[in-house]
Amino acid sequence: MKAVYKHPRGMPDILPGDIGQWHAIEAAVRSTMHSYGYEEMRTPLLEKTALFERGIGEATDIVEREMYSFLDRKGESLTLRPENTASCVRAGVEGGLLQPGSVHRIWYQGPMFRYERPQLGRQRQFHQTGAEVYGVSGPVIEAELILMTAELWRRIGVCGVVSLEVNSLGTGADRAAYREMLIDYFQASADQLDEDSQRRLGKNPLRILDTKNPDMQELVENAPKLIDHLSNESAEHFAHVQELLALNDVQARVNPRLVRGLDYYSHTVFEWTTDRLGSQSAICGGGRYDAMLADFGAKATPGVGWAMGMERIVALVAVISEGDVAATPARGPDAFVISTLKDDTGFPIRITETLRRACPQLKVVQNTGTANLSNQLKRAGKLGARCAILLGEAEKASQSVTIKPLTGKNDPFTVPVAQAGQALSSILGS
RNA sequence: GUGGGCGUAGCUCAGUCGGUAGAGCGCGGGAUUGUGAUUCCCGUGGUCGUGGGUUCGAUCCCCAUCGUCCACCCCA
């Protein structure tokens, strides 16, 4: 079989055999969001390009080289969303949610798009799940958001292989003062900066600290740290967050070099990482971004949030469970209808449909082959069916069905069609 | 965006020192003209990712392209 068409690069299909993993993780996400009182929000996949340029920051890699932007039929520049925070803020403002004093806990889930070289855990169309809180300043809500990610890892079953790093970026004023300090420091050693860093020096010197260039490690290591130059209020704020995490048994390592890629953060930022996924180690990250709300028209409303990469979580679960998950088959049919009537297709489908209507909670599947009874039963067994419904000349003549339980050693029995649904329910239990 | 590996049946892979290909599993049918998870038999399967080039001849060599993986980079 040759495929006439292939998927675009970095945009793989999720086939039925893999969807169970996603459903399991999505179920954990939903239950966690419910526990914490967050409500789902959905925004369009396309936004006006300016929304992301402004919201994410012009000097970021995402905006500079990773966005899928195009002109629509009226010549307006639209972009496939590379992340969802800017859209959520836009929707919150536009939808009138972000009134001063009101509080909203929001979560989202869906595909995002970035033009990158694909790798394990890094696709061009990928899926993020995230949570955002609007209308709450202060450290408690930051702690809540971090604590819910920790709880999510517990529910997904990956808490043993992830670790948390936190940092504080302070206030805009803190950063402005620090930024000057940093520019002075790096300019004094400008000859040691690589090309990327020289470019960032003018636009966004904080991101130089995030470099992984080994030649610059010493320079970066000795740079002044923002966390040592926070205002007293910011330092207290950050200390409080750390206390609240410790109070709830969540270990966090302070990483003064954690800056995060998006420009709008302030105060607490955090990142969950794992060492089990090769070079894509970040599985979740977030922080406070009051400044973006102000930019978007909600001056009096603060905002905090995080996002996690679903593909990375799926990959992480697969890596740590090795063969376990593969050995867990998808749940088979509750009832598998097989027929030895070679020239009557009407009776079997009518019985199947009757059972579905009588037992809407059960999965009732009609066999599609023409094999002999023995092989049809083998197929039922392979599918993991809980019982088989046998139809043949005798059943057709007496308008009855034979039910054969496949899980135990129960003998098959025959009941009239009218009682088949009830009989099925009672032997399968609940 | 940079560098490198890979692409043979639905899946995992073998193979051809250049003469158009195999295995296991899977899938379909049967052994058993009405009772499964074991076994046996038969069958289905691939213009060897795609397009060019070299050659009498290419799945194999070369180039391009698409997809994929790894590192860098970046982030979720």
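Hydrogens, waters and symmetry mates play no part in the numbers below; they use all other heavy atoms, side chains included. In the text below, chain A, chain B and the rest are named by the order of the sequence lines, each starting its count at 1.
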Let's test this: given Watson-Crick or G-U wobble pairing with both distances under 3.5 Å, identify the partner of [N].
| N | value |
| --- | --- |
| B/G45 | none |
| B/A76 | none |
| B/C60 | none |
| B/U12 | B/A23 |
| B/U55 | none |
| B/G3 | B/C70 |
| B/U39 | B/A31 |

Roughly, in whole Å, what's the span from [atom1] in [X] to [atom2] in [N]?
| X | N | atom1 | atom2 | value |
| --- | --- | --- | --- | --- |
| A/E66 | B/C75 | CD | C1' | 7 Å |
| A/W153 | B/A76 | CH2 | C1' | 9 Å |
| A/I313 | B/C75 | CD1 | C1' | 14 Å |
| A/E116 | B/G1 | CD | P | 12 Å |

With distance as the sole criterion, do the side chain of [X] and the base of [N] form a donor-acceptor contact below 3.5 Å?
| X | N | value |
| --- | --- | --- |
| A/Q376 | B/G34 | no |
| A/N375 | B/G28 | no |
| A/K378 | B/U39 | yes |
| A/R65 | B/C73 | no |
| A/R379 | B/G28 | no |

**Request:** Have a look at A/T370 and say if it touches a base, only the backbone sugar-phosphate, or nothing, with a 4.0 Å heavy-atom cut-off.
**Result:**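 It contacts sugar-phosphate atoms only.
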**Message:** So, OP1 or OP2 of B/U68: does either fall under 4.0 Å of a side-chain N or O from A/H7?
**Reply:**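 Yes, because at least one side-chain N or O of A/H7 sits under 4.0 Å from OP1 or OP2 of B/U68.
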**Prompt:** Which of these, A/F113, A/W22, A/Y108, sits in a ring pair (Phe, Tyr, Trp, His ring centres under 6.0 Å) with A/H127?
**Reply:**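 For A/H127, the ring pair (Phe, Tyr, Trp, His ring centres under 6.0 Å) test succeeds with only one of A/F113, A/W22, A/Y108, which is A/W22.
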Looking only at side-chain N and O atoms, does [Y] offer a donor or acceptor that is under 3.5 Å from a partner on [X]?
| X | Y | value |
| --- | --- | --- |
| A/D174 | A/S234 | yes |
| A/T43 | A/N84 | yes |
| A/E132 | A/T85 | yes |

**Message:** Nearest to the A/N372 side chain among B/G30, B/G34, B/C69, which nucleotide is it?
**Reply:**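 For the A/N372 side chain, the nearest candidate turns out to be B/G30.
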**Message:** Between A/T340 and A/M310, which residue's closest nucleotide on RNA chain B lies nearer the 5′ terminus?
**Reply:**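 On the 5' side of the pair lies A/T340.
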